[in-house]
Amino acid sequence: TTTSANEWLVANAPFTGGSISFYATTADSSIAERLDAKQGDAVIAIDRATWNGATAVTSVKLIFHPGYRMQTVI
């Protein structure tokens with residue numbers, strides 16, 4: 001309860017590399033229902049994976065509701 005999943009993974013399942021992909025896609029019926037959106041709405045998706053050598057450590061796909069805005073500061 002005091003350690004986040006990310007902190008636990010870093011301490012117990014080290015990784016040597018990974019990837020993050022950002023892309024636009026359309027909501028299918030399942031995504032639309034979960035995001036309270038309409039089927040065919042444009043959404044942002046992120047695929048993220050980490051590896052330790054050739055062994056997968058994590059893999060996740062995140063999908064954000066229509067109108068979601070992502071911002072970075074440089």
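- In the hydrophobic clustering of ILVMFWY residues, with side-chain heavy atoms under 4.5 Å counting as a link, Phe64 and Phe22 come out together.
- Note: Tyr68 and His65 have perpendicular aromatic rings, judged against thresholds of 30 and 60 degrees for the angle between ring planes.
- Separation of atoms CZ (Arg48) and CD1 (Ile20) is listed at 7.0 Å; rounding is to 0.5 Å.
- Taking all atoms of both residues into account, the shortest heavy-atom contact from Ala45 to Thr25 is CB-CG2, 4.2 Å.
- From Thr50, atom OG1 reaches atom CG of Asn6 across 9.0 Å, with rounding to the nearest 0.5 Å.
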Ile63 and Arg34: side-chain contact (heavy atoms from CB on, under 4.5 Å), yes or no, with the steps?
CA-CA 10 Å; Ile63 300 177; Arg34 289 184 169 105; over 6 Å; no

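- A 6.0 Å sphere centred on CG of Asp36 holds no more than 12 heavy atoms belonging to other residues, nucleotides or ligands.
- Put simply, Leu62 and Ile44 are part of the same group of oily side chains (I, L, V, M, F, W, Y) that touch within less than 4.5 Å, one to the next.
- Linking ILVMFWY residues whenever their side-chain heavy atoms come closer than 4.5 Å, directly or via other members, leaves Tyr23 and Val60 in distinct clusters.
- For the atom pair CD (Gln39) and CG (Asp28), the distance works out to 7.0 Å, reported to the nearest 0.5 Å.
- The shortest non-hydrogen separation linking Trp51 to Val57 is C-CG2, 3.9 Å.
- When all heavy atoms are compared, the tightest approach of Lys38 to Ala27 is O-CB, 3.9 Å.
- Residue Thr3 comes nearest to Trp8 through the heavy atom pair CG2-N, 3.7 Å, listed as atom of the first residue, atom of the second, then distance.
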